[in-house]
Amino acid sequence: MASEFQNSVYSLLRKIPSGRVTTYKSIAEKLGKKSYRAVGMACAKNPYAPYVPCHRVVKSDGSLGGYSGGLSKKIALLRAEGVELMDTKIKYFERVVFRF
DNA sequence: GCTTTGACTCTCG
DNA sequence: TCGAGAGCCAAAG
């Protein structure tokens, strides 16, 4: 069972529609915290994968950040959902970013 | 129970 | 434009 904090993060992640992405910053602020890093940690643990689309969370500058089990996997998943990428950076980031 | 670490972000040189 | 440093919260050691 995950902690309340993690559960809150997962709830928000599930709201992200396919083909869209969000940032650790947005999630943290939505929770009323500044815990950007803690959000990433919650995703890294993510016991509900792939029920929780943690691969749709990226850094505030549009780069993918990281991914447990290989960044390539994250790239493939995002591309499959229609997100255009330039290596580890999101192309047209402003266009695909999802705002709560 | 304190210290270290991490899928982060912002500011400064 | 790019790299380094500081700040931030939560989980793991």
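In the text below, chain A, chain B and the rest are named by the order of the sequence lines, each starting its count at 1. Heavy-atom basis, side chains included; hydrogens, waters and symmetry copies ignored.
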Inset, instruction - Quick one: do Tyr92(A) and Val83(A) satisfy side chain to side chain contact (heavy atoms under 4.5 Å, CB included)? Show the steps, please. - result: CA-CA 9 Å; Tyr92(A) 310 123; Val83(A) 179; over 6 Å; no
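If you take NZ of Lys34(A) and P of dA6(C), they are 22 Å apart, rounded to a whole angstrom. Atom CD in Glu29(A) sits roughly 15 Å away from atom P in dC8(C) (whole-Å rounding).
The side-chain contact (heavy atoms from CB on, under 4.5 Å) with Thr22(A) is formed by just one residue from the set Val58(A), Ile16(A), Leu12(A); it is Ile16(A).
For the segment residues 77-91 of chain A, the set of residues with a heavy atom within less than 4.0 Å of an atom of DNA chain B is empty.
To the nearest 0.5 Å, the span separating CD1 on Ile27(A) from CD on Glu29(A) amounts to 11.0 Å. Rounded to the nearest 0.5 Å, atoms CG (Asn7(A)) and OH (Tyr48(A)) are 6.0 Å apart.
Taking the nucleotide of DNA chain C with the nearest heavy atom to each of Tyr36(A) and Glu4(A), the more 5' of the two is matched to Tyr36(A). If Asp61(A) and Met41(A) are placed on DNA chain B by their nearest nucleotide, the residue sitting closer to the 5' end is Met41(A).
Here the side chain of Tyr10(A) pairs a donor or acceptor atom with the backbone of Ala42(A) at under 3.5 angstrom. In this structure a side-chain-to-backbone donor-acceptor pair under 3.5 Å is missing from Lys25(A) to Tyr36(A). At least one donor-acceptor pair under 3.5 Å links the side chain of Lys74(A) to the backbone N or O of Leu64(A).
Residue-level contact check: Ser68(A) touches the bases, meaning some heavy atom is under 4.0 Å from a base atom.
For DNA chain B, the contact window with chain A, defined by any atom under 4.0 Å from a protein heavy atom, covers dG6(B) to dC10(B) in 5' to 3' order.
Between Lys45(A) and dA12(C), a side-chain N or O to OP1/OP2 separation shorter than 4.0 Å is present.
The side-chain heavy atoms of His55(A) and Leu78(A), taken from C-beta on, include a pair separated by under 4.5 Å.
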